[in-house]
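Notes to accompany the following structure.
By convention in this document, chain letters (A, B, ...) are assigned in the order of the sequence lines, proteins followed by strands, and residues within each chain are numbered from 1. FYI, side chains are in, hydrogens and waters are out, and symmetry mates aren't considered; it's all heavy atoms of this structure.
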Amino acid sequence: MKINRRRFLLGTTVVGGGLLIVYATTRPSKHFVANDTLAENGQSFLTTWLRIDPDNTVTVLVPHSEMGQGVLTSLPMMAADELDADWDLVRVEQAPATDLFANGVLIKGFAQSMGVSVPGFLDGAINKVSEIMNIQITGGSSSVRFTGENGMRVAGAAAREMLIKTAAVRWEVPESELTARLSHVYHDASGRSATYGELASDAARFEPSPNPRLKEPHEFTLMGKPIQRIDIPAKVDGTAAFGMDARPAGMLYAAVKTSPVFGNKLVSVNSDVALQRRGVVRVVELDDAVAVVADNYWRAKQALAALDIRFEATANDQVTTQSIYAQFDTALQGELNEDVEQGDTPIALAGAATTIDATYRVPFLAHAAMEPMNCTVHFHDGKADVWTGTQDNLGIRGRVASISGLDENDVTMHMFYLGGGFGRRLPNTTNTIDQATRIAQQFDVPVQTIWSREEDMQQDYYRTAVTSAFRAGFDASNNLIAWENHYIGKNEPAEAAHPPYSIPHKSIAYADSPTHVPLGAWRSVAHSQHTFFLESFVDELAHKAGKNPYQFRLDMLQDKPRHAAVLKAAADKAGWERNLPEGHAMGIALQESFGSIVAQVAEVSINSDGSVRVHRVTCAVDCGRSVNPDNVASQAESGIIYGLTAALYGEITIANGRVEQTNFNDYEMLRLSDSPEIDVVTIESGAALGGMGEPATPPVAAAVANAVYILTGQRVRELPLKNYRFTAAPVERLA
Amino acid sequence: MARFRVNGVAQDLDIEPEMPLLWALRDELGLTGTKFGCGVAACGACTVQVNGNAVRSCVTPVSAVEGTDITTIEGLAVNAAAALTPVQQAWINHQVPQCGYCQSGMIMAVSALLTANPNPSDDEIDGAITNICRCGTYPRVRKAIRSLTTTA
Ligand code: FES
Ligand code: FES
């Protein structure tokens with residue numbers, strides 16, 4: 001992609017007044033601030049995110065959290081490539097949680113300038129000047145796309161220009177005679193060379209250019225190469241530290257029980273029973289929860305279990321999954337909000353030769369990150385220290401400050417690897433942080449609040465359940481002419497329910513139907529539900545029209561060449577409907593999300609007990625270009641397994657106002673034994689970079705369900721698949 | 001009282017006999033490489049080796065490991081010729097971990113399996129490695145195991 005370099009000097013109008021001129025992170029010359037406040041022993045910050053030491057090491061400070069998506073490697077690769085740094089001399093640090101390293105402006109500013117929708121949790125969070133410096137978010141598959149492409153690369157290129165300038169002045173030669181390579185500047189004519197480390201402190205006197213020349217893809221030395229992730233060695237020998245591994249001196253542990261009916265208040269607890277137990281220090285009563293604080297987590301948890309805790313009764317105690325679904329059905333009959341209106345759908349449907357109706361539904365889901373939610377807080381000397389793994393360190397710093405009435409600058413974040421994020425550790429989903437803060441406020445030693453798996457599962461911010469009703473119409477020659485879709489809940493991202501196919505008449509609308517169940521972003525957000533709906537219903541339509549589901553889609557993608565190419569790549573690689581073993585079938589699905597286009601083909605059979613077996617998933621990806629190809633593959637594999645787990649097993653149900661599932665024995669996970677083989681093909685289209693943390697998750701459920709239809713003749717309109725016992729009764733194989 | 005050896009070091013802890021080994025390791029001994037995932041033997045994040053066998057430490061009371069030799073992820077490479085065991089090296093070669101939280105337990109379980117059965121069949125692997133990885137690293141786990149076995 002040709003980048004419009006004017007964008008690097010970016011004016012962002014901010015709601016509430018004011019214009020921000022943005023260089024890289026937040027404002028020009030922040031590297032001078034970095035030099036003043038952070039550099040020591042001859043280190044120089046050439047740009048905010050790059051520090052060069054006299055020993056010629058380059059340190060890249062990454063303002064995003066590592067949760068397994070490889071950001072601590074891919075972003076430094078982008079900076080180091082433009083800098084022409086020697087990768088062996090590149091060190092990586094997570095940027096501290098201070099406004100110097102805020103990334104919100106960068107993400108929002110560039111997303112807007114590129115016409116990409118901003119993740120809603122971010123959009124809502126950055127509407128005030130006062131808040132704009134307080135975002136250091138990792139989510140929305142945004143790190144490589146925005147911070148990397150428009151921040152890291154520019155920072156690297158600008159630093160490289162400053163080093164060249166410095167050498168030119170020092171050696172009194174024209175810049176054009178100098179080259180940079182492997183952390184050295186060379187003047188070939190005179191045979192002189194200098195390391196970046198030798199040039200850095202003089203270079204820091206220059207202002208970084210707002211529009212340095214960026215490399216063309218053929219000039220890349222690191223981007224596009226499969227570079228080993230820098231966080232992996234610590235993750236094979238037990239040294240990688242997660243939030244729960246924080247061990248500040250004198251720390252106590254808190255086990256918590258929150259009202260299982262969301263929002264109900266604590267009425268009473270017989271604390272004395274716990275206080276008599278070994279190691280128990282205190283019982284803390286919160287608004288809607290009880291915490292036992294002890295010198296060992298197990299002791300705290302055992303004591304908590306011994307308590308008789310009473311919560312109030314409210315009308316929410318009556319809520320069930322069925323009552324929620326009934327509420328959704330009623331809402332869909334009521335007033336709807338417009339999403340897409342194109343053509344005249346009612347008239348097209350009225351005049352259609354055939355119409356088809358189908359209603360789909362998916363349940364609530366928990367994130368179930370592998371590391372249960374936890375947060376350690378220490379209040380001392382009018383300040384606070386916080387140890388936790390989060391997708392927004394600055395946001396959490398602000399949250400702890402506001403709960404405790406401290407100034408943000410008196411709250412110090414200690415950063416950790418995240419034992420999974422998936423949206424659970426975003427801002428606005430801070431119930432664990434809030435509790436940990438309130439508990440720790442009652443102590444002068446650090447307190448680590450750990451949620452049991454049961455609490456983690458029952459106090460999540462859930463992927464919402466959705467009901468989605470479709471009606472489509474064909475004309476007399478079997479062309480799809482009309483598409484009507486009514487669903488529950490405003491979508492985030494807004495385009496999640498928009499089919500990519502050319503259909504002349506479309507009417508898409510939604511009904512709001514809030515419940516007391518707390519909701520949050522779940523890997524791929526609304527795409528996770530709507531891709532299942534769309535790509536299953538399109539498949540129904542293909543079969544109804546007597547067309548091959550692959551060809552049916554392809555025929556409607558004539559004005560979407562990238563989509564068509566991805567669909568074709570997946571079908572070709574999978575050997576679409578060729579050489580299938582007896583009893584196997586393939587299903588296909590396609591989706592664009594977070595700037596990446598993904599198509600998947602699932603090869604499926606039915607087990608003798610009627611359950612579904614997924615043998616192989618072939619995944620074609622167009623994310624523009626692959627910054628770290630091996631990492632693109634691993635994110636695709638991860639996204640597929642996450643989506644497949646939900647498709648096969650994922651179901652949070654509500655009874656008596658509370659979540660019924662408690663742990664991995666009743667909220668099942670895909671394991672090695674039922675993990676499919678996964679083939680990933682990437683298409684290097686050269687389009688603007690797309691995200692990779694999420695886009696592989698949405699299509700897999702539909703791909704599998706579409707294969708199940710071929711095998712059984714049964715159309716799966718509700719997930720998860722574990723609730724079915726299929727009998728193989730093949731429908732006629734379509735040409 | 002609980003007496004056992006952890007990574008070759010004798011331990012003598014004044015703790016309740018019913019305390020799960022996981023919390024003795026993490027909260028009493030400060031060995032945080034062993035992870036808490038579920039507490040009910042359903043995920044394998046807490047897997048350690050007791051006399052060489054993979055054991056889920058979250059449901060193993062310290063009374064059950066009295067006098068045993070316990071190996072945690074921190075001690076796995078102690079007897080290896082290199083800084084890492086072949087399993088750990090394979091994990092790096094195949095870039096297995098993502099968030100990494102499950103990987104201590106995964107590596108401990110795989111190491112125990114391959115010591116007992118250097119050439120497991122796919123079914124034997126599936127039967128022995130039931131650890132949950134929420135990041136879905138399973139395809140790479142299998143590849144990494146297969147790089148260490150002679151049957152393909
Ligand atoms: S924590 Fe022990 S098996 Fe999950
Ligand atoms: S690597 Fe994240 S849970 Fe396995």
Quick one: which of A:Glu677, A:Met370, A:Arg453, A:Met669 has the most heavy-atom pairs under 4.5 Å with chain B, could you say?
A:Met370
Engaged part of [X] at the chain B interface, taking heavy atoms whose separation is under 4.5 Å:
| X | value |
| --- | --- |
| A:Gln228 | both |
| A:Ile640 | neither |
| A:Thr239 | neither |
| A:Gln302 | neither |
| A:Leu672 | both |
| A:Asn663 | side chain |

Under a 3.5 Å cutoff, is there a donor and acceptor pairing between the side chains of B:Gln88 and A:Asp237?
no
Classify the angle between the aromatic ring planes of B:Trp23 and A:Tyr297 as parallel (below 30°), tilted (30 to 60°) or perpendicular (above 60°).
tilted
Would you check if the side chain of [X] reaches a backbone N or O of [Y] as a donor-acceptor pair within less than 3.5 Å?
| X | Y | answer |
| --- | --- | --- |
| B:Arg26 | A:Met244 | yes |
| A:Arg247 | B:Leu31 | no |
| A:Lys235 | B:Tyr101 | no |
| B:Gln95 | A:Arg229 | yes |
| A:Ser675 | B:Tyr138 | no |

Can you confirm whether A:Arg278 is buried at CZ, in the sense that more than 12 heavy atoms of other residues, nucleotides or ligands lie under 6.0 Å from that atom?
yes
So with a 6.0 Å cut-off around NZ of A:Lys225, is the heavy-atom count from everything else above 12?
yes
Measure the SG-CD distance between B:Cys135 and A:Gln69 for me, rounded to the nearest 0.5 Å.
9.5 Å
Can you find a heavy atom in the side chain of [X] that is under 4.5 Å from one in the side chain of [Y]?
| X | Y | answer |
| --- | --- | --- |
| B:Arg134 | A:Ile641 | no |
| A:Ser634 | B:Gln98 | yes |
| A:Phe422 | B:Cys99 | no |

Taking only Lys NZ, Arg NE, NH1 and NH2, and the carboxylate oxygens of Asp or Glu, determine whether B:Glu16 and A:Arg299 approach each other closer than 4.0 Å.
yes
Side-chain ion pair, A:Arg671 and B:Asp126, N-O less than 4.0 Å:
no
By a 4.5 Å heavy-atom criterion (distance strictly below it), what part of [X] contacts chain A: side chain, backbone, both, or neither?
| X | result |
| --- | --- |
| B:Gln89 | neither |
| B:Leu84 | side chain |
| B:Ile129 | both |

Kindly indicate, with the supporting measurements, whether the criterion salt bridge (charged side-chain N to carboxylate O under 4.0 Å, His left out) is fulfilled by A:Glu371 and B:Lys35.
CA-CA 8 Å; A:Glu371 178 193 11; B:Lys35 303 303 184 198; over 6 Å; no
Minimal non-hydrogen separation, B:Gly100 against A:Phe242, with atom names
C-CZ, 3.7 Å
